[in-house]
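All remarks here apply to the structure that follows.
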Amino acid sequence: MPEASRVAIVTGAARGIGAAVALRLAYDGLAVAVLDLDEAAATVSADAITSAGGVAIALGADVADPTAVQASVDRTADELGAPTVLVNNAGITRDNLLITLTENDWDAVIDVHLKGAVLMTRAAQAHMVESGWGRIVNLSSTSALGNRGQANYVTAKAGVQGLTKTLALELGRFGITANCVAPGFIVSEMTRVTADRIGTPWAQYVHDRAQAIPVQRAGEVDDVANAVSFFADARSGFVSGQVLYVAGGPRT
Ligand SMILES: NC(=O)c1ccc[n+]([C@@H]2O[C@H](COP(=O)([O-])OP(=O)(O)OC[C@H]3O[C@@H](n4cnc5c(N)ncnc54)[C@H](O)[C@@H]3O)[C@@H](O)[C@H]2O)c1
């Protein structure tokens with residue numbers, strides 16, 4: 001791995017897409033703070049980076065808790081240096097048709113995706129503004145375009161796109177870009193749980209979903225990590241406020 005020259009925070013990086021993004025950014029030469037609700041799993045993720053010759057720390061925090069968020073950003077700055085790359089990836093699903101959607105499930109999903117992204121960005125942007133440079137990459141989803149049984153998640157992921165465009169407008173003058181990566185169907189624990197919930201065997205679920213994707217395969221976590229890496233790169237400074245669908249086909 002190259003020597004670390006910048007510092008990134010990746011939320012929800014204990015597993016799945018976040019873990020792949022953290023590893024990829026470390027290969028790109030960044031020191032990475034691996035933040036997750038599950039601190040033990042975050043430590044495993046951070047250890048994988050350090051074993052491969054990279055620089056990483058693990059942080060246990062809930063992105064929807066302002067005190068924990070500020071403490072995590074402070075610790076990153078103290079131990080690794082000013083965080084100038086932020087990937088807001090932490091996410092949950094609590095799927096239900098509107099008729100059975102509980103207020104708790106609405107609040108939980110909106111809190112993690114939207115409040116979490118706002119709190120993390122507000123805390124990290126102070127370092128980016130001071131550095132005169134920054135990259136914010138937010139995880140949206142093809143679900144932002146509407147999806148049956150996901151009113152809470154769809155609203156959150158559409159909101160993430162609006163938030164991203166607003167961050168691009170507000171922070172551009174400080175050398176900071178903000179972009180969204182919006183994955184389609186990606187093989188991860190999150191989609192495995194969905195298959196379990198609807199009672200379809202995992203292999204059948206992946207096969208059926210792949211049939212409906214133009215490139216005829218399911219997405220892998222590295223497909224998403226590659227897109228995040230592009231937006232986080234120093235050479236991508238004239239690309240801001242964009243939504244890149246990583247879905248094996250077009251989306252409007
Ligand atoms: N898997 C897909 O098909 C898919 C598609 C589109 C978008 N996404 C989005 O990509 C992101 C990652 O998805 P994934 O499939 O890797 O999910 P995942 O469930 O495998 O991993 C999510 C991680 O986020 C962490 N997390 C959850 N709540 C948190 C909180 N409050 N604070 C800190 N960490 C928290 C979890 O502990 C977990 O490690 C999510 O934002 C998701 O909505 C996923």
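Just so you know, ligand 1 is whichever comes first in the structure, and atom 1 is the first atom listed for that ligand.
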> CZ/F238 to OG1/T177 distance, rounded to the nearest 0.5 angstrom?
Replying inline: 12.0 Å
>> Heavy atoms only: which of V109, L37, V69 lies closest to atom 34 (N) of ligand 1?
In response: L37
>> Within the 3.5 Å criterion, strictly below it, is a donor on N96 or T102 matched to an acceptor on the partner's side chain?
In response: no
> For ligand 1, which atoms have a heavy atom of H113 less than 4.0 angstrom away?
Replying inline: 41 (O), 43 (O)
> Between atom CG of L167 and atom CG of N138, what is the distance when rounded to the nearest 0.5 Å?
Replying inline: 6.5 Å
>> Side chain, backbone, both or neither: which applies to A61 and ligand 1 if a contact is any heavy-atom pair less than 4.0 Å apart?
In response: backbone
> Is it the side chain (CB and beyond), the backbone, both or neither of P183 that lies under 4.0 Å from ligand 1, heavy atoms counted?
Replying inline: both
>> For a 4.5 angstrom cut-off between non-hydrogen side-chain atoms, does T191 reach F185?
In response: yes
> Which of the atoms of ligand 1 are close to V112, meaning less than 4.0 Å from one of its heavy atoms?
Replying inline: 28 (N), 31 (N)
>> For I92, state whether at least one heavy atom is located under 4.0 Å from any atom of ligand 1.
In response: yes
> Residues in side-chain hydrogen bond (donor to acceptor under 3.5 Å, both in side chains) with R94, at least two apart?
Replying inline: none
> Counting both backbone and side chain atoms, is some N or O of D36 under 3.5 Å from an N or O of ligand 1?
Replying inline: yes
> So, do V228 and I17 sit near enough that their side-chain heavy atoms are less than 4.5 Å apart?
Replying inline: no
> Is there a donor-acceptor pair under 3.5 Å between the side chain of D36 and the backbone N or O of A13?
Replying inline: yes
> Nearest heavy atom to atom 2 (C) of ligand 1: which of I186, V221, V187 does it belong to?
Replying inline: I186
> Has E79 got more than 12 heavy atoms of other residues, nucleotides or ligands less than 6.0 Å from its CD?
Replying inline: yes
> Side chain, backbone, both or neither: which part of A64 comes within less than 4.0 Å of ligand 1 when only heavy atoms are counted?
Replying inline: neither
>> Below 4.0 Å from ligand 1: does a non-hydrogen atom of G184 turn up there or not?
In response: yes
> Which residue supplies the protein heavy atom nearest to atom 35 (C) of ligand 1, what is that atom called, and how far is it?
Replying inline: A90 CB, 3.7 Å
>> Under a 3.5 Å distance rule, please check whether N89 uses its side chain to pair with a backbone N or O of L139 as donor and acceptor.
In response: no
>> Suppose I only count heavy atoms of G16 and a 4.0 Å limit; which atoms of ligand 1 are within that range?
In response: 16 (O)
> Can you list the atoms of ligand 1 that are under 4.0 Å from a heavy atom of Y153?
Replying inline: 6 (C), 7 (C), 8 (N), 9 (C), 42 (C), 43 (O)
> Nearest heavy-atom pair of H113 and A90: which atoms, and what distance?
Replying inline: ND1-O, 4.0 Å
>> Among all protein heavy atoms in this structure, tell me which lies nearest to atom 16 (O) of ligand 1, with the distance rounded to 0.1 Å.
In response: I17 N, 2.9 Å
> Is the CD atom of Q216 crowded by more than 12 outside heavy atoms at less than 6.0 Å?
Replying inline: yes
> S140 side chain to K157 main-chain N or O, any donor-acceptor pair under 3.5 Å?
Replying inline: yes
>> Give me the residue, atom name and distance of the protein heavy atom closest to atom 7 (C) of ligand 1.
In response: S140 O, 3.2 Å
> Backbone, side chain, both or neither: what part of T191 comes under 4.0 angstrom of ligand 1, heavy atoms only?
Replying inline: side chain
> How far is atom 32 (N) of ligand 1 from its nearest protein heavy atom, and which residue and atom is that?
Replying inline: V63 N, 3.1 Å
> What is the closest protein heavy atom to atom 1 (N) of ligand 1, and at what distance does it sit?
Replying inline: S188 OG, 3.1 Å
>> Quick test: of every protein heavy atom, which one is nearest to atom 31 (N) of ligand 1, and how far off is it to 0.1 Å?
In response: D62 OD1, 2.9 Å
>> Could you work out, for atom 18 (P) of ligand 1, the closest of E189, R15, K157 by heavy-atom distance?
In response: R15
> Any sub-3.5 Å donor-acceptor pair from T194's side-chain atoms to M190's backbone N or O?
Replying inline: yes
> In terms of side-chain heavy atoms, does R24 have a donor or acceptor partner in S229 at a distance below 3.5 Å?
Replying inline: yes
> Under a heavy-atom criterion of less than 4.0 Å, does A41 contact ligand 1?
Replying inline: no
>> As a check for students: among L139, N88, N89, identify the option with a heavy atom nearest to atom 41 (O) of ligand 1.
In response: N89
>> Looking at non-hydrogen atoms alone, which of G91, S143, S72, G12 comes nearest to atom 27 (C) of ligand 1?
In response: G91
